[in-house]
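All remarks here apply to the structure that follows.
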Amino acid sequence: MTVEGLIVAIIIGAIAGWLAGQIVRGAGFGLVGNIIVGIVGALVAALLFPAIGLELGGGIVGSIVAAVIGAVIVLAIVGAVRRAA
């Protein structure tokens, strides 16, 4: 991965994490935590969506939408685990 690709991934993760934090209230982790959740969500989406046959298209917008969906999934799981503990 190039430096530019890493910067784009961090920006997409930041946007996705922030949006997921807005969607799933009470499960946010602050700015840095939400960036990490957004990046993890993008990875979850990249692994999960092809396995179930879901394709959102290409480009930045498709990547952000996929990352937001993945981040919401991650936040929902983490929120459920935090409530159960």
Review point. Excluding sequence neighbours, so at least two apart, what forms side chain to side chain contact (heavy atoms under 4.5 Å, CB included) with Ile36?
Key: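 Checked Ile36 against side chain to side chain contact (heavy atoms under 4.5 Å, CB included); matches are Val32, Val40.
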
Check your understanding: By side chain to side chain contact (heavy atoms under 4.5 Å, CB included), which residues pair with Ile7, not counting sequence neighbours?
Key ->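 Scan of Ile7 (side chain to side chain contact (heavy atoms under 4.5 Å, CB included), adjacent residues dropped) gives Val3, Ile11.
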
[X] to [Y] - nearest heavy-atom pair and separation:
X	Y	answer
Ser63	Ile12	CB-CD1, 3.9 Å
Gly38	Ala71	CA-CB, 4.0 Å
Pro50	Ala45	CD-O, 3.8 Å
Ala20	Val68	CB-O, 4.3 Å

Nearest 0.5 Å, what's the [atom1]-[atom2] distance between [X] and [Y]?
X	Y	atom1	atom2	result
Ile10	Ile39	CD1	CD1	5.5 Å
Ile15	Ile64	CD1	CD1	4.0 Å
Leu47	Ile52	CG	CD1	12.0 Å

Practice item. Please tell me if the side chains of Ile60 and Val8 come closer than 4.5 Å, counting only heavy atoms from C-beta onward. Key: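 They are in contact (side-chain heavy atoms under 4.5 Å apart), so the answer is yes.
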
**Study point:** Stepwise side chain to side chain contact (heavy atoms under 4.5 Å, CB included) check, Phe49 with Val44
**Key:** CA-CA 8 Å; Phe49 289 178; Val44 167; over 6 Å; no

Exercise for review: Check step by step if side chain to side chain contact (heavy atoms under 4.5 Å, CB included) holds for Ile73 and Leu48.
Suggested key: CA-CA 11 Å; Ile73 291 169; Leu48 183 65; 4.2 Å; yes

Review point. Side-chain heavy atoms under 4.5 angstrom apart, residues restricted to Ile, Leu, Val, Met, Phe, Trp, Tyr: same cluster for Leu75 and Leu43?
Key: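 Different hydrophobic clusters.
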
